[in-house]
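Heads up, the thing below is written out as structure tokens.
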Amino acid sequence: MTRRSGFPGGAAWAVVGLSFVTLGLTFALRNTVGLLMPVWETDPGWSRTLVSTGGAVILTLMGVAAPIGGSLLDRWGPRPVYVGGMVLVAAAAISTSQISAGWAFIVLYCGISGLGTGGLNLTTASATIARYFSRHRGLAIGIALAGATGGQLLLMPLAAILIGAFGWRDTYLIAGGTLLALAVAAAFLLRRPPALTAPPPRPSGAGA
């Protein structure tokens with residue numbers, strides 16, 4: 001087995017935490033499309049057909065963006081993929097809080113967030129975590145990917161509470177601001193891990 005030299009374990013686990021929160025927030029934002037459908041019928045008056053079409057656009061662009069994000073990660077490392085994806089989803093959420101036209105919902109929210117969420121997918125997170133761990137890699141990846149499902153168990157009820165207390169527009173502003181803060185954290189935290197180094201040779205006769 002190989003090990004990484006010089007990368008502090010605490011920082012590696014911070015990458016796991018960042019991935020967990022990022023996946024939870026981006027996937028929860030995507031699922032608010034269904035949560036807000038009855039609200040959007042009255043304010044700003046979008047039909048269920050429009051909102052459902054927007055959901056399909058998000059899923060389609062997620063599929064398109066996923067291999068692009070993977071290619072960028074291979075070429076440039078996880079930092080630009082994470083930061084770029086967070087900025088796109090944040091921009092989509094913030095801009096959506098200010099719009100009323102249906103076409104703007106499709107283009108600004110569904111289009112931009114679909115691309116950002118596609119870049120911040122489960123495979124991208126798995127490949128990123130694998131760069132920082134040789135031991136406990138499976139555990140670290142499992143914790144990070146739990147954000148896409150388990151994280152929503154916390155964030156979706158929180159989103160419902162915020163929508164009830166502040167309205168959907170302010171809730172999207174809060175979500176966008178949070179993602180921008182996470183993007184800043186990712187820019188400082190994520191970096192190319194040190195090169196792989198071989199572990200010291202085992203003494204002859206050592207047990208398996």
Side-chain angles (χ1 to χ4, degrees), residues 15 17-37 39-40 43-46 50-73 75-125 128 147-148 151-152 155-156 158-160 162-163 166-190:
V15 174
L18 175 71
S19 299
F20 179 94
V21 175
T22 300
L23 288 174
L25 186 54
T26 54
F27 276 73
L29 267 174
R30 186 195 71 182
N31 288 337
T32 57
V33 171
L35 178 66
L36 285 170
M37 187 179 292
V39 177
W40 284 339
D43 175 24
W46 297 332
L50 175 70
V51 176
S52 298
T53 300
V57 169
I58 292 175
L59 292 175
T60 300
L61 290 178
M62 284 176 63
V64 171
I68 297 174
S71 177
L72 291 175
L73 190 146
R75 185 177 180 86
W76 302 107
R79 180 188 290 177
V81 178
Y82 269 67
V83 173
M86 291 179 196
V87 169
L88 284 176
V89 179
I94 292 171
S95 62
T96 301
S97 71
Q98 307 300 314
I99 64 175
S100 296
W103 68 265
F105 167 71
I106 297 294
V107 174
L108 295 179
Y109 182 69
C110 302
I112 297 175
S113 70
L115 292 174
T117 306
L120 293 170
N121 58 57
L122 301 180
T123 304
T124 299
T128 298
Q152 293 183 65
L155 293 175
M156 288 302 292
L158 177 60
L162 290 175
I163 291 168
F166 302 107
W168 69 271
R169 294 183 184 274
D170 286 345
T171 299
Y172 269 52
L173 279 175
I174 293 170
T178 302
L179 275 169
L180 288 178
L182 288 172
V184 173
F188 283 99
L189 180 62
L190 292 170

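Hydrogens, waters and symmetry mates play no part in the numbers below; they use all other heavy atoms, side chains included.
- For the residue pair T124 and Y82, no side-chain donor N or O sits within less than 3.5 Å of a side-chain acceptor on the partner.
- The structure places CG of N31 at 5.5 Å from CE of M156, a figure rounded to the nearest 0.5 Å.
- Annotation: side chain of V81 is not in contact with side chain of T128 (no heavy-atom distance under 4.5 Å).
- Residue S19 holds its OG atom at 7.0 Å from CG of L190, rounded to the nearest 0.5 Å.
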Report all side-chain donor-acceptor pairs from residues 97-112 shorter than 3.5 Å, counting only partners two or more places apart or in another chain.
| from | atom 1 | to | atom 2 | distance (Å) |
| --- | --- | --- | --- | --- |
| S97 | OG | I94 | O | 2.5 |
| S100 | OG | R169 | NH2 | 3.4 |
| Y109 | OH | L29 | O | 2.8 |

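- Shortest non-hydrogen contact noted between G114 and A65 is O-CB, 4.4 Å.
- Under the salt bridge (Lys or Arg N to Asp or Glu O under 4.0 Å) criterion, no residue pair touches residues 86-99, with sequence neighbours excluded.
- Of the listed residues (V33, L115, T53), just one forms a side-chain contact (heavy atoms from CB on, under 4.5 Å) with I58, and that residue is V33.
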Please evaluate residues N121 and M62 with respect to the criterion side-chain contact (heavy atoms from CB on, under 4.5 Å), reporting the C-alpha separation (whole Å), side-chain torsions for both, the decisive distance (0.1 Å), and the verdict. CA-CA 8 Å; N121 58 57; M62 284 176 63; 6.0 Å; no
Trace of the side-chain contact (heavy atoms from CB on, under 4.5 Å) decision for F27 with L155: CA-CA 10 Å; F27 276 73; L155 293 175; over 6 Å; no
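- Nearest heavy atom pair, residue W168 against residue L36, reads CB-CD2, 3.7 Å.
- A side-chain donor-acceptor contact under 3.5 Å links T26 to the backbone of L23.
- Between G77 and P80, the shortest heavy-atom contact is O-CD, 3.4 Å.
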Give every donor-acceptor pair under 3.5 Å between a side-chain atom in residues 170-187 and any protein atom, sequence neighbours left out.
| from | atom 1 | to | atom 2 | distance (Å) |
| --- | --- | --- | --- | --- |
| T171 | OG1 | L162 | O | 3.3 |
| T171 | OG1 | I163 | N | 3.3 |
| T171 | OG1 | G167 | O | 2.8 |
| Y172 | OH | T32 | OG1 | 2.7 |
| T178 | OG1 | I174 | O | 2.8 |

